[in-house]
Every structure is written in structure tokens, then in C-alpha cells.
Amino acid sequence: MTSLPTGYAPSSYWMSSAPGPSHPALDPGGEGSAPDVEVAVVGGGIAGICTAWELARAGRRVALVEAARLAAGITGHTTAKLSAFQGLAYQEIRGVRGEEAARLYARSQADAVDRVRQVADELGIDCDLEECPAFTYAEGEQALEQVRAEAEAASSAGLDASFTTGTDLPFPVAGAIEVAGQAQFHPRKYLLALVEDLVARGGLVFEHSRVVSLNEGHPCRLTTDRGARLRARDVVVATAYPIFDRALLFPRLEVKRELVVAAVLPSDRAPHGMYLTPENGTRSVRTAPYRPGQRLLIVTGEKFTPGVGGVEQRYARLIDWTHDRFPGAEPAFRWSAQDNWTTDHVPYVGPLHPASRHAFVATGFAGWGMTGGVLTGRLLAGRLTGRPVPWEGLYDPRRLNPVREAPALLKVQATVARHFIGDRLSGDGTDAVRDIPPGGGAVVRLGGRQRAVHRDEGGELHTLSACCTHLGCLVRFNDAERTWECPCHGSRFAIDGSVLQGPAVRPLKWIGDPGPGGREPGDDMEDTG
């Protein structure tokens with residue numbers, strides 16, 4: 001297998017090409033402190049930004065609070081397709097929720113695509129917005145049957161879907177479904193323009209402000225990890241994976257990561273459409289404007305559970321596939337993203353839990369967060385301003401169909417149980433620590449407890465508790481990004497233990513370096529590992 005050449009950027013093209021301005025943190029009594037607002041939106045990805053903007057446009061006083069940088073998490077690492085046609089979604093939704101649900105889903109997703117066009121035109125946003133068809137294709141006969149079934153399901157849901165054997169891909173396909181009139185764009189250029197307009201409308205924006213608690217009183221009260229507080233009548237939790245477990249959504253969400261490789265192609269050799277196949281562990285292809293005479297070929301795939309390891313090998317497989325299908329493409333960027341799948345294939349957008357009156361959630365976009373985020377803004381703004389959209393009930397998180405969702409529920413919980421219990425039965429001791437190479441990491445058993453040990457390039461060891469601070473599963477090391485990841489619910493941590501991605505809101509506990517005989521500073525401290 002091949003690897004990326006020296007000089008590629010191990011970062012997202014969207015991030016590097018649109019850095020954006022900074023915003024103050026929400027500090028207790030400081031310059032970044034905020035007065036009371038009508039709505040506080042927690043999470044500055046596309047769902048949070050669109051919700052805050054739609055509410056501000058409707059005249060509400062809004063605060064947008066982000067743990068790191070705006071549009072820099074999943075949103076900054078997407079493939080940025082705007083499509084109501086989404087792989088094999090319609091046969092899945094129809095199978096679990098029924099025909100009417102599939103039709104409502106198609107209407108709501110198409111409305112989101114149209115909304116981006118409308119807003120970009122209204123605000124004059126230059127975000128590389130391009131109209132193009134969306135395809136789901138099959139190279140082999142086995143996947144072709146699924147593709148034909150999706151053509152029928154998508155047409156029945158109301159999309160203008162047609163079956164074809166001709167595409168502008170540079171390799172033959174057995175068949176494909178085509179849906180015209182979809183779009184692609186530069187997500188950060190679009191969203192940073194929304195934030196600018198949000199501020200102009202009186203909205204408050206805070207970065208580097210990690211919310212750690214929510215009190216659903218009258219009003220609701222939010223607290224950050226630095227002790228800053230914000231009061232709001234209503235709160236929207238749009239943090240990808242919900243950071244508050246009172247919703248009990250975590251048994252119904254499956255977390256997956258996907259890798260992205262972006263390579264440079266001459267414009268006259270770049271395919272025009274957006275393509276996806278369920279084969280090879282999923283492969284997704286689109287292009288974006290790059291330099292004069294060039295397009296950036298964006299290839300996504302290698303879907304996997306966080307923490308399973310072997311990420312560098314997965315990147316190599318994705319690069320090999322890209323070179324094989326698009327000869328001469330020169331890799332220039334690589335990045336990865338993470339998203340959540342619900343048990344009935346429809347996102348959760350609505351009340352945070354059954355008793356909630358003023359707290360709302362948005363999650364479970366299954367890799368289609370661009371339309372899902374825009375849809376979230378429309379749905380929640382409509383709900384909070386008394387103008388509900390027709391598909392509000394479809395996305396309500398309080399829904400549950402135990403019979404039809406049972407197989408998916410059992411699968412998710414079996415995976416979590418396997419990691420929570422099985423991972424604790426494994427792990428070597430000090431010999432395993434000696435085997436960790438520079439830049440590597442491993443979870444090892446030291447002093448009877450599981451530790452996350454990383455050896456930096458200088459040979460120095462850094463030891464943390466291996467217990468995820470969300471619900472106590474053991475983290476694992478990602479060799480490509482040098483992060484610690486929880487395979488149960490997808491929390492991610494930096495080498496120093498700081499939180500990179502929730503649902504965890506507290507860092508991994510620092511232990512120290514392994515001492516003689518495998519004992520460490522902190523062995524006398526309580527630890528659930």
C-alpha cells in the first residue's frame with residue numbers, strides 16, 4: 001500500500017482555506033461575559049450556527065457558545081455535500097418509519113438545499129456554491145441490487161431519481177441512480193458569513209467556552225469549565241454528540257469516523273457530480289474549486305468505530321483506491337470526521353428529553369450534516385417562534401419504535417458492552433510500555449489499573465487514566481492523529497488529556513510517568529480503570 005507524499009497537509013482544506021476571525025471566550029465577569037439572552041445555542045458547527053442565525057433573523061436575542069473554534073469540528077472536516085439524495089437512505093427510512101416518513105424526509109432535506117441557495121443569494125455569500133447531480137453507484141453486481149432498490153425508494157419518496165449506467169467517472173460502473181439539482185459548497189465560507197450577519201443582528205458569539213452543565217430552570221442556566229454562567233429562556237444543544245445524558249439518547253446513537261483524502265486534478269479530468277457507493281466500506285467522491293485549471297478531488301471512506309486502531313493503514317487503502325480510480329491525482333490534504341447514526345436512520349431534532357420544555361437537541365446526522373444542520377436551524381427556529389415546519393414530528397427525539405429499532409439498538413449496545421467489559425480484561429504491563437515507539441501510544445495495565453501511555457518523539461512517556469470521563473469506557477490510541485479515542489461514544493482527547501470532542505466535557509486524568517516496578521505517581525488515587 002502507498003502513503004501520502006512528503007509535503008501534504010495533514011489538515012482540512014476547508015480550515016486552511018478559510019481561517020476566519022476569532023471571538024472572545026465567555027469569562028466570569030470579564031470582557032467576554034454575557035447578559036441574559038432569549039436563546040443560548042451550545043455548539044458552533046453548522047447546526048448551531050444555522051439555528052442561532054435563523055433565530056436572530058426572527059428577532060430573538062441569541063448567544064452562540066462553542067467549546068473550541070466555530071465551524072472547526074465536524075463541520076470543518078466534512079465533504080460538504082448539499083443533497084436530499086443520500087446513499088441508500090430512503091429504503092432504510094421506509095423500512096423502519098414507513099412511506100410517509102420517507103416522503104417527509106425528502107421534502108425536508110430538499111428544503112435545506114434550497115435554503116442555502118436562498119441565504120447565499122440574500123447575503124451575497126461567495127462560498128463556491130455549485131449546482132450538480134448526486135449519484136449512488138455500484139461497480140459490482142452485488143451492490144447493484146441495492147442501488148436499484150434505492151432508485152425505487154427515492155422516487156416513491158418524491159425525488160426525481162433515475163437509473164443510469166452512464167456517469168462522468170473515469171471508470172465503468174454497473175449502474176447508478178442520478179438525482180439532479182443538488183449542490184456542493186465551501187462550508188466555512190458560508191457559515192463564517194452567517195456568523196458575521198448574526199453579530200450584525202445583535203447576536204453574541206463566544207469561542208473557547210466549553211459548557212459543562214445545564215440547569216433547566218426558569219430561566220435555564222449554563223456553566224462553562226471556567227466557571228462562566230449564562231442564563232437563557234431556551235437552550236439548544238447542538239454539539240454533534242449530546243453532552244448531556246439526561247436525554248438517554250446514547251443507547252440509540254452509533255458513532256463512526258471516516259477518513260478524507262483530497263488530491264489535485266486538472267479541471268478537465270474532474271467529475272462534475274457528487275458520487276457515493278456502498279462498496280469498499282463506502283467511497284464518496286466530489287470535487288471543489290482549487291487553483292486556476294485545477295480542482296480538488298475529495299475522496300471519503302474507510303468508515304470505522306473510533307479507537308479501533310490501524311488508522312494509518314486505512315488512509316493508505318483510501319489513497320490506493322484514489323490512485324487506482326483517478327490515475328495522476330496528487331494527494332494534497334488529508335483529514336477525518338466523525339458523526340452519529342440513529343437506530344431508525346432519521347436525526348434527532350427537538351426536545352432534549354420527554355419532560356423538557358425549554359431545552360432542545362440536534363444530533364444523529366449520519367454523515368449528512370450539511371443539510372441536517374440547515375434543517376435544524378429551520379426546524380428549531382420555527383418551533384421557538386411559533387411557526388412549526390411540517391416535518392417537525394418526523395425528527396422528534398422522543399419517538400421510539402422498539403420493534404423496528406430493536407436490531408439496531410441491540411447492535412449498538414452490544415458494541416458498547418464489548419468495549420466496556422472486554423477492554424478491561426486485556427492489557428499488558430511494563431513490557432508493553434517499553435514496546436511503545438516514539439510517537440506511539442497504548443493502553444497498558446500498570447499497578448492493576450489501565451493507563452493510556454504515549455511516548456513522544458523525544459522518548460518521554462506521558463501517562464493518563466485510560467477511563468473516558470463520559471461513562472468510563474477505556475480509550476484507545478489513534479496512530480494517525482495521535483489522539484485518545486473512546487470506542488463507546490466517540491469522545492476524543494489530546495495527548496495531554498484535554499477534550500477534543502464530546503460527549504465528554506472533562507479531560508482524562510493525568511497520572512504521570514510509569515515508575516520502577518510499574519507503579520506510578522497517583523497509584524493511590526481512586527480510579528475506575
Establish, yes or no, whether the cationic atom of Arg269 lies under 6.0 Å from the six-membered ring centre of Phe326 and within 45° of the ring axis.
->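 Arg269 over Phe326 ring: no.
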
Scan side-chain atoms only and decide if [X] and [Y] contain a donor-acceptor pair under the 3.5 Å cut-off.
X      : Y      : result
Thr277 : Glu279 : yes
Ser336 : Arg257 : yes
Asp168 : Tyr275 : yes

Where Ala52 and Val62 come nearest, the two heavy atoms and their spacing =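 Shortest heavy-atom contact: CB-CG1, 3.7 Å.
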
Pair [X] + [Y], salt bridge at N-O below 4.0 Å:
X      : Y      : result
Asp197 : Arg201 : yes
Asp114 : Arg117 : yes
Glu485 : Arg476 : no
Arg295 : Glu130 : yes
Asp126 : Lys189 : no
Arg283 : Glu302 : yes
Lys256 : Glu258 : no

Taking the six-membered ring for Trp, are His454 and His462 parallel (under 30°), tilted (30 to 60°) or perpendicular (over 60°)?
->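 Ring orientation, 0 to 90° scale: parallel.
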
Considering only the SG atoms, does Cys488 lie under 2.5 Å from Cys468?
->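 Unbridged: Cys488 and Cys468.
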
List the steps and the verdict of side-chain contact (heavy atoms from CB on, under 4.5 Å) for Trp484 and Val443.
-> CA-CA 10 Å; Trp484 296 106; Val443 172; 4.1 Å; yes

Contact between [X] and [Y] at the side-chain level, heavy atoms closer than 4.5 Å - yes or no?
X      : Y      : result
Phe85  : Glu150 : yes
Phe163 : Val147 : yes
Arg334 : Leu259 : no
Cys467 : Leu474 : yes
Phe206 : Thr224 : no

